[in-house]
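It should be emphasised that the depicted structure is a prediction, and the values quoted were computed from it without experimental measurement.
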Amino acid sequence: MIEFTISPARSLDAGAVGNILSVSNDLMPWLPRVHSAAEEIKYAGDMIEAGWVKVAKIDNKVVGFIARHEAEVYALYVLPEAQDKGIGTALLEDAKGECDKLGLWSYEANGVAAIFYELRGFVSVDRTNGSGNEAGLPDIRFEWTRKAPEFKPARGARKTG
């Protein structure tokens, strides 16, 4: 397994985070390009400034990020060459460690993402025709809720009453 770190993003990470957005979006031919690379860097900078972003780094290079405000995940991306190494899962687990519930939207056309989220305990709770997002693509609402620990009586406990 490859070693990586997760930490809050710094303002200097905006270029790397914006680049991850651009590279990832370019690899999805079904996704219309609605923002320029410069706009994606500004968007990344705004999310970082708001304190929403955590980054994953390998050898001090940003290779993935999650943008989350309270219980809503706005973005989760990992560079293609860093995928399938546990980075996206680790970023999501880090967010789960800070919340009892998480929600996010994913494009219906991104079947790989849907499988990724479902394998990590998210369930589909809603679908739209895409009229409410800027890409105009059908999307799926996923939610995850921490399960309450199962109560187990202490060994040897006696039932009373």
Side-chain angles (χ1 to χ4, degrees), residues 1-28 30-126 128 130 132-135 137 139-146:
M1 194 53 125
I2 192 146
E3 288 192 30
F4 57 90
T5 60
I6 296 175
S7 60
R10 302 168 303 138
S11 57
L12 293 174
D13 295 326
V17 169
N19 178 61
I20 292 170
L21 278 169
S22 284
V23 167
S24 299
N25 290 340
D26 286 345
L27 292 174
M28 294 182 254
W30 48 265
L31 182 63
R33 185 58 115 147
V34 295
H35 297 287
S36 69
E39 289 170 326
E40 288 172 335
I41 291 171
K42 181 181 181 335
Y43 177 61
D46 290 346
M47 290 189 300
I48 290 169
E49 186 176 311
W52 294 7
V53 181
K54 284 194 177 180
V55 294
K57 293 182 179 181
I58 297 174
D59 297 327
N60 281 330
K61 178 187 176 192
V62 177
V63 295
F65 76 94
I66 188 168
R68 177 184 61 84
H69 177 62
E70 297 176 355
E72 188 68 19
V73 175
Y74 288 95
L76 174 61
Y77 287 87
V78 177
L79 281 173
E81 63 268 23
Q83 291 179 4
D84 299 321
K85 296 176 179 11
I87 294 168
T89 298
L91 287 163
L92 204 52
E93 290 300 316
D94 183 73
K96 286 178 175 181
E98 296 178 0
C99 297
D100 288 332
K101 185 175 182 177
L102 290 173
L104 58 90
W105 289 95
S106 182
Y107 294 117
E108 188 176 282
N110 195 349
V112 172
I115 292 167
F116 174 85
Y117 293 122
E118 288 170 351
L119 288 173
R120 283 145 189 90
F122 284 76
V123 293
S124 169
V125 297
D126 194 13
T128 77
N133 65 59
E134 59 189 1
L137 296 173
D139 51 5
I140 306 169
R141 174 75 179 173
F142 288 97
E143 291 183 355
W144 167 86
T145 303
R146 181 181 321 282

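To the nearest 0.5 angstrom, Y107 atom OH is 9.5 Å from T128 atom OG1. Taken to the nearest 0.5 Å, the CG atom of D84 stands 12.0 Å off from the CD1 atom of I2. Between atom SG of residue C99 and atom CH2 of residue W144 there is a gap of 7.5 Å, rounded to the nearest 0.5 Å.
Considering only residues two or more places apart in sequence or on other chains, S7 meets the side-chain hydrogen bond (donor to acceptor under 3.5 Å, both in side chains) condition with none of them. Not a single side-chain hydrogen bond (donor to acceptor under 3.5 Å, both in side chains) links K61 to another residue, sequence neighbours left out. Contacts of A16 classified as side-chain contact (heavy atoms from CB on, under 4.5 Å), with partners at least two apart in sequence or in another chain: V62. Legend: residues meeting side-chain hydrogen bond (donor to acceptor under 3.5 Å, both in side chains) with N19, ordered by chain and number and at least two apart, are absent. Remark: S36 pairs with A38, E39 by the side-chain contact (heavy atoms from CB on, under 4.5 Å) rule, at least two apart or across chains. With sequence neighbours excluded, the residues forming a side-chain hydrogen bond (donor to acceptor under 3.5 Å, both in side chains) with S22 are E40, listed by chain and number. Checked against side-chain contact (heavy atoms from CB on, under 4.5 Å), A90 has the following partners two or more places apart in sequence or in another chain: F4, I6. Applying the side-chain contact (heavy atoms from CB on, under 4.5 Å) criterion to T145, with sequence neighbours excluded, gives K101.
Proximity of I140 to W105: side-chain heavy atoms (C-beta onward) are nowhere separated by under 4.5 Å. Taking the side chain as every heavy atom from C-beta outward, E134 and V34 approach each other to under 4.5 Å.
Closest of all the heavy-atom pairs between G18 and A44 is N-CB, 3.7 Å. Scanning all heavy atoms of the two residues, the minimum distance from A95 to I66 falls at CB-CD1, 4.0 Å. Across every non-hydrogen atom of L137 and P32, the tightest pair is CD1-CD, 3.7 Å. Of all non-hydrogen atoms in F142 and S124, the two that sit nearest each other are CD2-N, 3.8 Å. Considering every non-hydrogen atom in both V78 and S24, the closest pair reads O-OG, 4.0 Å.
Here the options are V63, L27, I20, the test is side chain to side chain contact (heavy atoms under 4.5 Å, CB included), and the partner is P80; only L27 passes. When V53, L91, L102 are each tested for a side chain to side chain contact (heavy atoms under 4.5 Å, CB included) with R68, only one passes: L102.
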List the steps and the verdict of side-chain contact (heavy atoms from CB on, under 4.5 Å) for I58 and I87. CA-CA 10 Å; I58 297 174; I87 294 168; 3.9 Å; yes
Hey, can you pull the donor-acceptor pairs under 3.5 Å for the side chains in residues 69-77, sequence neighbours left out?
{"residue": "H69", "atom": "ND1", "partner": "W52", "partner atom": "NE1", "Å": "3.1"}
{"residue": "E72", "atom": "OE1", "partner": "R141", "partner atom": "NH1", "Å": "3.1"}
{"residue": "E72", "atom": "OE1", "partner": "R141", "partner atom": "NH2", "Å": "2.9"}
{"residue": "E72", "atom": "OE2", "partner": "R141", "partner atom": "NH1", "Å": "2.7"}
{"residue": "Y77", "atom": "OH", "partner": "N25", "partner atom": "OD1", "Å": "3.4"}

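The salt bridge (Lys or Arg N to Asp or Glu O under 4.0 Å) contacts involving residues 45-55 comprise K42-D46, K54-D94, K54-E98, where partners must be two or more places apart or lie in separate chains. The salt bridge (Lys or Arg N to Asp or Glu O under 4.0 Å) contacts involving residues 9-27 comprise R10-D13, D13-K57, D26-R33, where partners must be two or more places apart or lie in separate chains. Within the structure, side chain to side chain donor-acceptor pair (under 3.5 Å) pairs that include any residue of residues 109-121 comprise T89-R120 (at least two apart or interchain).
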